[in-house]
Amino acid sequence: MVSNTASKVIGIIVSSTRPNRVGFQISEWVQRILAQNIDSSSTQIKIIDLQKENLPLYDEPNPPKAGKPYVNSHTMAWSEKIAGIDSFIFVSPVYNGSVPGGLKNAIDYLWKEWTKKPTMVVTYGSTGGKGSNDFLYTLLGGALGMNLIPQEKTVLIPLSRSFYVENTSTFIDIDKDLLPQKETLVNAIEELKKLPYSQ
């Protein structure tokens, strides 16, 4: 990534908020692989967990692209957090052919804090979360004008119930189970690193 400052922050957005989610485990796996493939002296990694953010349904009086001051304290806090991130990795399941409602809501709160920033997408599901992946490329790369890696380089993770401890959503061995996607993830990270930061 091209930058004029010494330290940048990559934010990993954990999109699933349901109690028995696998998304946080996958996000931590992404974080570990990312940490192995960046210069830690100049880049920080932050996990942004939408479950902990607990944003209400969008309740600002104006649409975010209007550029008017935010009214609510939770919007101001969310804006400050996202504005402090230089590039993003969205980690999302697919729900009914698209993204979780909580993720769409969190995205819709803001505009200027997202636009032009380098971004990649990691989706997962029984068929790799393709519906979610396609939706995010349309939303992030289109309406929000984020700078995404080529979609053919994106990461889709097909999941199987055999990956989990019986009657749970806990991976038995996530590094083993997601090994087939590791190289794709590393390559996607390299693509992300090539993208210029917004000025």
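We're numbering straight along the sequence, starting at 1.
Residues L136 and L103 form a side-chain contact, since some pair of their non-hydrogen atoms from C-beta on lies under 4.5 Å apart. Looking at heavy atoms from C-beta onward, V94 lies out of side-chain contact with T123 at the 4.5 angstrom threshold. In this structure the side chain of P100 never reaches within 4.5 angstrom of the side chain of T17, judged on heavy atoms. Two residues are said to be in side-chain contact when any heavy atoms from C-beta on lie closer than 4.5 Å; E53 and Y109 fail this criterion. By the 4.5 Å heavy-atom criterion applied to side chains, R18 and Y95 are counted as neighbours. In this structure, the side chains of V99 and F90 stay at 4.5 Å or more apart for every pair of heavy atoms. In this structure, the side chains of K8 and S87 stay at 4.5 Å or more apart for every pair of heavy atoms. You'll find the side chain of W114 stays beyond 4.5 Å of the side chain of L140, heavy atoms only.
Remark: side-chain polar atoms of D86 are paired, donor with acceptor, to backbone N or O of V9 under 3.5 angstrom. The backbone N or O of N20 lies less than 3.5 Å from a partner atom in the side chain of S169, making a donor-acceptor pair. In this structure, the side chain of N105 engages the main chain of Y58 through a donor-acceptor pair within 3.5 Å. Checked by atom type and distance alone, the side chain of T115 pairs as donor or acceptor with a backbone atom of L144 at under 3.5 Å. Checking side-chain atoms of K117 against main-chain N and O of I85 turns up a donor-acceptor pair under 3.5 Å.
Every side chain to side chain donor-acceptor pair (under 3.5 Å) that Y70 has, sequence neighbours left out, goes to E113.
Applying the 6.0 Å contact sphere to CG of D173 captures more than 12 heavy atoms from other residues, nucleotides or ligands. Within a 6.0 Å sphere centred on CD of E80, other residues, nucleotides and ligands contribute 12 heavy atoms or fewer. Other residues, nucleotides and ligands place more than 12 heavy atoms under 6.0 Å from the CD atom of Q36.
Within the structure, every pair that satisfies the salt bridge (charged side-chain N to carboxylate O under 4.0 Å, His left out) test and touches residues 25-41, not counting sequence neighbours, is listed here: R32-D175.
Of the N and O atoms on the side chains of S132 and S92, at least one donor lies less than 3.5 Å from an acceptor on the other residue. A side-chain donor from one of D59 and H74 sits under 3.5 Å from a side-chain acceptor of the other.
None of V14, I89, I45 except one satisfies the side-chain contact (heavy atoms from CB on, under 4.5 Å) rule with Q31; the exception is I45.
For W29 and F163, the distance between ring centers is not under 6.0 angstrom.
Rounded to the nearest 0.5 angstrom, M120 CE and I189 CD1 are separated by 5.5 Å.
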